[in-house]
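In what follows, chains are A, B, ... by sequence order, proteins preceding strands, each numbered from 1.
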There are 2 protein chains.
Amino acid sequence: MTAAAPKYDVFQAIADPTRRQLLHLLAEQELPVNVISSNFPMSRTAVSKHLHVLESAGLVTERKIGRETRYSLQAAPLRELKDWVAYYEQFWDNKLALLKHLVEAADGGTNADPSQSSMSGPLKPL
Amino acid sequence: MTAAAPKYDVFQAIADPTRRQLLHLLAEQELPVNVISSNFPMSRTAVSKHLHVLESAGLVTERKIGRETRYSLQAAPLRELKDWVAYYEQFWDNKLALLKHLVEAADGGTNADPSQSSMSGPLKPL
DNA sequence: TACATTCGAAACCTATTGGTTTCATGAAAA
DNA sequence: TTTTCATGAAACCAATAGGTTTCGAATGTA
């Protein structure tokens, strides 16, 4: 009764380059299937399948207008992706990494002296 | 001679939940294969394959220490992901979307009157 | 009404993916 | 020097992914 079981999650949905192109195309405007598929070097059916995958992940919605089905972008689920990658930002952004180390040092951790820190970061004892 | 052909890109690499867990685990510290695989309900070989996929995408690096191979996170390639998703942020963030429309309207586009705009946004003529 | 358009569903095919088990090898330890 | 440990490589397998073609059902149009 609620949302249909999301067979595909956002990570899977964007893994395919064709599907990323689809999102890019639909970002501009709502489009019917035949117009969409005319932009790709594969059959309409194949494109339609990709659209269904995106829909399953909540990234597009369809709406029927006469005999055509128009798809449009729903970007909100990409927020999950943004949040996911945000966590890892500290590992490539030096400023964030430094801040994190300071916070951890002040948090009660021993080894608060950063003088021995190397690029590989604080390595817990194995 | 340069970097090995990246058979897997970042989007594919993070599509698998096991591989995302691997990244999370390696974020903390560098770890050898057997310790890594002990955290997963599958064979060491399977985990090793996932690690190779991540390595192919540049997300981890391996280094041999004695008879063990230690893996560590390389977060930088995730920047591509961040940039990709940043583009779509305007489509779920109302403030950004409004700003974009204003910029486009001032840019020389006709139809600068937003009075007829609906939630579906400016639909170019099909 | 007859015809063309738009699309979904189904059946099918092949390559890839994600997993397994087995075996060989190099390093550490007894 | 045996033996044990950590690992990679190879062969294999089942399920899935990504594509195709064919067919039928609605909808719009002549």
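Listed pair N34(A) / dC7(C) meets the phosphate criterion, a side-chain N or O lying under 4.0 Å from OP1 or OP2. For the pair S48(A) and dG8(C), the criterion of a side-chain N or O lying under 4.0 Å from OP1 or OP2 is met. For T69(A), no side-chain nitrogen or oxygen approaches OP1 or OP2 of dT6(C) to under 4.0 Å.
Looking only at distances, a side-chain donor or acceptor of R20(B) sits under 3.5 Å from a matching main-chain atom of I14(B). With Q29(B) contributing its side chain and L26(B) its backbone, the two residues share no donor-acceptor pair below 3.5 Å.
In this structure, CD of E68(A) is placed 10 Å from C1' of dT5(C), rounded to the nearest angstrom. Going from atom CG of D9(B) over to atom P of dT17(C) covers 11 Å, rounded to whole Å. With rounding to whole Å, L51(A) atom CG is found 13 Å from dA9(C) atom P.
Between H24(B) and Y87(A), the distance from one ring center to the other falls under 6.0 angstrom. Proximity of the aromatic rings of Y8(B) and H52(B) is defined here by a centroid distance below 6.0 angstrom, and this criterion is not met.
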For nucleotides 25-30 of chain C, 5' to 3', base contacts (B), sugar-phosphate-only contacts (S) and non-contacts (-) with protein non-hydrogen atoms under 4.0 Å give --BB--
Reading nucleotides 17-24 of chain D from 5' to 3' and marking B where a protein heavy atom lies under 4.0 Å of the base, S where only the sugar-phosphate is that close, and - otherwise, the string is SSBBB---
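Between F11(A) and F11(B), the closest side-chain pair of non-hydrogen atoms is not below 4.5 Å.
Residues satisfying the salt bridge (charged side-chain N to carboxylate O under 4.0 Å, His left out) criterion with E89(B), sequence neighbours excluded, are K82(A).
Annotation for A13(B) and V53(B): closest pair CA-CG1, 4.3 Å, computed over non-hydrogen atoms.
Note that CD of Q74(A) is 11.5 Å distant from CG of L23(A), once rounded to the nearest 0.5 Å.
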